[in-house]
Visitor: 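Input: one structure, supplied below.
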Amino acid sequence: MARAYDVDEVERKWQRHWAEEGTYEIDNDDPREKFYALCMYPYPSGPAHQGHVRNYTFGDLVVRYQTMLGKGVLSPIGFDSFGLPAENAAIKTGTHPRVFTDARIDELRASLTRLGAVYDWRREVHSHEPAYIKWTQLIFLRLWEAGLAYRAMAPVNWCPGCQTVLANEQVLGDGTCDRSGDVVERRDLEQWFFRITTYADELLYALDDLEWPERAKVMQRNWIGRSEGAEFDLQVEGRPDLSVRVFTTRPDTSFGMTYAVIAPEHPLVDELTTDAQRSAVEELRRRAAEETEIERMAEGDPSALDKRGAFTGSRVVNPFTGDPVPVYVADYVLMGYGTGAIMAVPAEDERDWAFATLHGLPIVRTVQPPGDWDANGGGAYTGDGVKINSDFLDGLDIVTAKARATEWLEERGLGERKVNYRLRDWLVSRQRFWGCPIPAVYCDEHGVVPVPEDQLPIVAPDDVEFLPTGQSPLSFHEGFLHTTCPVCGGPARRETDTMDTFVDSSWYFLRFCDPWSTDRPFDPEAARHFMPVDQYIGGIEHAILHLLYARFFTRALIDVGLAPGVDREPFKHYLAQGMIRMDGTKMSKSKGNLIAPEHYFDTVGADALRLFHLFAGPPFDDMDWSEQTEQVIEGCGRFLDRLWRTCLSEPDLRTGEQTDEDGAVRRAVHRTVADVTKDLERWSYNTAVAHCMELLNTVQRYARGSDGNGNTAGVHADVWNEGLNALLSLLAPLSPHVTAELWERRHPGEPSVHLQSWPTPDPELVRQETVTMVVQVNGKVRDRIEVDAGISEADAQEVALASAKVIEALDGATPTRIVSRPPRLVNIVV
RNA sequence: GCCCGGAUGGCGGAAUGGCAGACGCGGCGGCCUCAAAAGCCGCUGUCCGAAAGGGCGUGCGGGUUCGAGUCCCGCUCCGGGCACCA
């Protein structure tokens with residue numbers, strides 16, 4: 001595509017200029033009102049792909065726009081540089097993960113620069129650098145000290161193909177590994193956890209005030225999964241010393257409990273199992289233990305599950321009725337939630353209903369279902385209704401009955417109100433090399449002991465062997481492994497596990513506020529100044545994990561004293577950018593290479609590619625990369641060519657009095673300024689581009705009229721300059737290179753367009769003078785009449801009724817009603 | 001199964017309850033040119049009509065309203081999230 005200007009030369013010139021001038025560097029004591037613009041820092045995977053381009057184009061637009069608004073914008077960037085791909089590459093090729101990663105960082109940094117994205121590069125951080133590791137480890141120690149980090153036995157995901165433990169997020173919905181496709185196994189290992197559950201309620205309730213996309217908030221709410229109910233003891237029949245505690249969200253249904261269930265892993269299974277039942281129970285437990293996720297899923301959908309279970313031989317007493325009911329062991333009850341035991345009420349719970357019918361257990365309804373319920377298939381009824389068969393609860397609605405039943409338990413000291421969460425503590429141990437080492441040592445005498453802070457950072461040695469053994473290479477490195485106990489000085493062994501990389505990304509935005517700090521993770525004053533992030537941009541795939549962890553971490557850092565006074569919510573606005581798809585699927589790497597941004601930087605240039613990403617559709621929507629995409633990108637290049645030619649054209653300019661056409665063009669200019677400003681404020685980037693295109697069309701038509709073939713009075717110098725200046729300003733955050741170049745050529749020696757103030761529209765000119773008034777008869781448009789924008793209701797009606805087209809449409813009928821919305825519309829109803 | 005989104009020309013997409021289809025892509029026609037490319041101008045929802053003009057039209061069926069792409073109720077299809085959490 002032949003271009004109107006040397007795109008490559010212009011873009012490189014300005015990229016160099018911004019870097020040399022330090023235009024977007026900001027000091028911590030900057031006096032301007034702050035604005036913190038942040039894109040999720042990327043995992044360095046090599047040159048940018050189109051997903052990056054989209055993300056960082058949105059972010060850069062915000063940085064430049066807010067700067068022109070006069071804010072002191074903090075625009076940092078860094079790299080999420082720990083992670084499995086680098087370690088896998090090391091196993092495969094022998095290259096050290098750091099060498100591999102540093103090379104990928106250089107590539108991605110170069111891509112971002114070519115995109116024209118601007119940052120305060122002095123603040124760049126890499127999560128694998130000792131200067132960052134040190135503080136991640138210190139934070140770990142402080143959380144440990146505060147009881148927010150602890151060690152416990154836990155089942156973990158083990159991938160036999162990768163020979164390593166996986167993070168939960170690396171296990172797909174069907175229980176397979178997202179890299180190798182192998183079925184993930186469960187293993188019990190002692191692991192490190194962060195006590196995120198302490199903050200469950202706060203993390204839940206604070207969501208209400210966040211300006212986030214609703215679906216992201218809903219995902220977090222579901223993930224936290226708060227449920228209110230009651231917990232109480234079921235006395236084991238004939239065993240006054242033994243009871244089973246259960247949790248229920250439906251204490252109102254207690255009179256309908258016809259059996260109880262405990263999880264196969266429940267500690268009381270052995271005690272409750274009679275000799276006669278032992279072999280059946282053992283068989284069930286064995287199967288449950290061996291069972292993998294995928295095998296359980298294969299049983300079918302939950303509603304039709306074979307509710308496998310075995311009778312223990314014991315009975316417990318229903319405290320409400322005094323009746324004994326049988327206790328079963330069944331794998332549909334999970335040890336990890338609630339108490340690992342339930343009262344089963346088949347009439348009001350679908351799972352219990354399925355189990356009860358399969359095992360021939362009685363069913364007692366305690367809520368009156370609708371009259372046609374059983375006729376329409378029946379089953380468990382979980383809706384609202386009147387309580388029945390429930391003694392003192394009879395006649396009540398469910399909400400009242402729940403409260404009454406809970407009170408009844410509390411009065412008798414049998415149980416109490418209880419809130420449970422689906423959210424579990426965050427398992428942070430990883431049996432990997434390429435992550436932040438956990439700063440702990442094991443001493444035979446003193447157990448697990450924290451590494452003293454003055455010994456940080458603990459950095460992994462370079463001379464390790466990368467083998468797919470399923471253990472961190474650190475555990476074979478004698479020099480690293482052996483140390484001394486900080487308490488007694490005796491021989492001790494280092495922790496060889498590293499931290500989940502989500503730990504690194506849970507506080508990087510705080511480090512950005514003060515990346516130079518050498519005596520603490522960051523200066524709280526700097527964090528107080530810049531936090532919270534005013535605009536956070538990144539993929540919705542991080543809606544739960546990263547965003548939840550970061551919200552937890554910010555609170556935890558405040559509470560352990562590392563960030564006093566900092567806002568407890570790190571991200572005020574979150575723009576969840578949509579994914580780029582090809583053929584309806586998420587982009588694969590091989591396909592992604594075909595549309596590599598570098599190719600477009602070389603051909604149409606970064607400005608046109610940016611404009612395309614902004615123009616293609618709403619930023620939160622997924623985008624299909626199709627055959628047509630190429631042509632749309634070229635269209636964006638054509639637009640910039642026209643901009644170039646128009647800005648540098650030299651029509652004959654006149655001065656003096658302005659004509660009506662001059663006035664019309666001026667009004668178009670000011671309306672565009674108003675429209676684009678509004679669009680940028682509401683993230684409607686595609687319409688902002690459209691409005692700029694419209695204005696260029698208007699200005700071009702205006703100029704062309706003066707070429708001799710139009711019927712205008714020619715181009716007025718003031719109108720011409722006002723129009724082009726506004727257009728270049730409005731486009732500056734969108735296509736920064738070409739606008740900077742054109743501005744410089746039109747205003748030699750003056751400050752760059754990027755240092756100009758964002759234009760403000762003249763309200764007088766934004767207001768329309770005349771408006772096309774629509775006249776409807778019975779809601780159908782019959783005429784369009786140009787009227788004064790300030791027309792009165794009476795005049796509007798008069799004009800409407802005088803219209804020949806309206807008279808014809810009325811055909812002599814008398815209006816029964818006239819709805820007037822001057823100056824836009826009059827609707828005549830007959 | 002449950003919970004969110006979404007459905008508008010050939011395509012991407014615009015439209016505070018008030019002119020549906022802005023802007024762009026593609027297509028058609030024209031100008032320029034020896035010719036092509038580039039550029040420029042015009043047309044481009046659909047049906048009827050030579051035209052003027054008119055009918056119909058925002059997934060489907062109802063409703064509210066003077067007026068519905070927009071609000072309400074009931075579906076269909078597509079996308080996403082969660083799926084034995086008691």
Side-chain angles (χ1 to χ4, degrees), chain A residues 1-4 173 213-219 221-223 225-227 229 246-250 253 261 263 296-297 299 301-305 307 330-334 336-345 348-352 354-355 420-424 540-541 543-544 579 581 584 611-612 615-618 620-624 626-636 638-639 641-642 645 684 686-694 697 700-701 704 707 709 772-781 783-784 805 815-821 824-830:
Chain A
M1 176 176 179
R3 296 297 299 268
E214 198 51 38
R215 61 181 169 141
K217 294 205 241 182
V218 167
M219 280 192 235
R221 283 193 193 104
N222 291 343
W223 188 262
R226 182 182 202 275
S227 54
V246 294
F247 171 72
T248 178
T249 55
R250 292 292 304 275
T253 63
V261 186
R296 281 172 67 180
M297 304 293 289
E299 302 292 332
D301 70 290
S303 59
L305 268 185
K307 297 286 176 193
D331 62 2
Y332 79 95
V333 170
L334 311 173
Y337 185 79
T339 59
I342 62 161
M343 68 167 192
V345 186
E348 279 93 31
D349 184 285
E350 282 163 21
R351 297 153 300 184
D352 295 345
F355 189 89
N420 260 316
Y421 302 89
R422 218 185 75 113
L423 180 71
R424 311 294 162 78
I540 190 79
E541 66 270 21
I544 296 175
M579 281 189 319
R581 305 170 163 279
L611 205 61
F612 160 75
F615 184 55
F620 0 82
D621 287 358
D622 284 354
M623 175 172 79
D624 273 306
S626 68
E627 310 265 309
Q628 198 187 237
T629 300
E630 194 83 18
Q631 290 163 331
V632 178
I633 294 172
E634 289 197 358
C636 290
R638 267 201 300 275
F639 168 75
D641 284 343
R642 282 201 293 136
R645 282 193 295 265
S684 184
N686 53 330
T687 56
V689 175
H691 282 126
C692 290
M693 288 174 167
E694 253 180 310
N697 290 342
Q700 263 193 307
R701 263 196 303 274
R704 200 161 294 122
D707 287 343
N709 48 22
T772 308
M773 184 174 78
V774 172
V775 185
Q776 298 177 332
V777 175
N778 287 336
K780 280 189 195 293
V781 178
D783 202 3
R784 300 183 169 101
K805 287 176 184 168
T816 56
R817 182 176 174 190
I818 301 177
V819 180
S820 301
R821 291 287 178 276
R824 298 248 166 244
L825 169 132
V826 172
N827 187 13
I828 300 161
V829 186
V830 294

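The sequence lines fix the lettering, A, B, ..., with proteins before strands; numbering per chain opens at 1.
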Visitor: Any donor-acceptor pair under 3.5 Å joining the side chain of A/Arg817 to the base of B/C66?
Guide: no
Visitor: What's A/Thr816 touching, base or sugar-phosphate or nothing? Going by heavy atoms closer than 4.0 Å.
Guide: nothing
Visitor: What about A/Arg821: does its side chain form a donor-acceptor pair under 3.5 Å with the base of B/G18?
Guide: yes
Visitor: Can you measure A/Gln631 atom CD to B/G10 atom P for me and round it to whole angstrom units?
Guide: 18 Å
Visitor: Could you please name the option among B/C40, B/C4, B/G26 that lies closest to any side-chain atom of A/Arg215?
Guide: B/C4
Visitor: Classify the nucleic acid contact of A/Asn697 as base, sugar-phosphate or nothing, counting any heavy atom under 4.0 Å across all strands shown.
Guide: sugar-phosphate
Visitor: Distance check, rounded to the nearest 0.5 Å: A/His691 atom NE2 versus A/Asn686 atom CG?
Guide: 10.0 Å
Visitor: Give A/Arg424 one of three labels, base, sugar-phosphate or nothing, depending on what nucleic acid heavy atoms sit under 4.0 Å from its own.
Guide: base
Visitor: Taking the nucleotide of RNA chain B with the closest heavy atom to each, which residue, A/Val218 or A/Arg226, is nearer the 5' end?
Guide: A/Val218
Visitor: May I ask you to say what A/Val333 touches in the nucleic acid, namely base, sugar-phosphate or nothing, with a heavy-atom cut-off under 4.0 Å?
Guide: base
Visitor: Sequence neighbours left out, what passes salt bridge (Lys or Arg N to Asp or Glu O under 4.0 Å) with A/Glu627? Give chain and number order.
Guide: none
Visitor: Treat a base pair as Watson-Crick or G-U wobble with both distances under 3.5 Å, then lay out RNA chain B in dot-bracket form, 5' to 3', with | for cross-strand pairs.
Guide: (((((((..(((.....[....)))((((((.......))))))((((....))))..(((((..]....))))))))))))....
Visitor: By nearest heavy atom, map A/Lys780 and A/Glu214 onto RNA chain B; which one lands nearer the 5' end?
Guide: A/Glu214
Visitor: Using a distance-only test with no angle check, is there a side-chain donor-acceptor pair under 3.5 angstrom linking A/Asn827 and A/Arg817?
Guide: no
Visitor: What's the closest nucleotide to the A/Arg581 side chain, out of B/G80, B/G13, B/C19?
Guide: B/G80
Visitor: Please pick, from B/G12, B/C19, B/A86, the nucleotide with the shortest atom-to-atom distance to any side-chain atom of A/Ile342.
Guide: B/A86
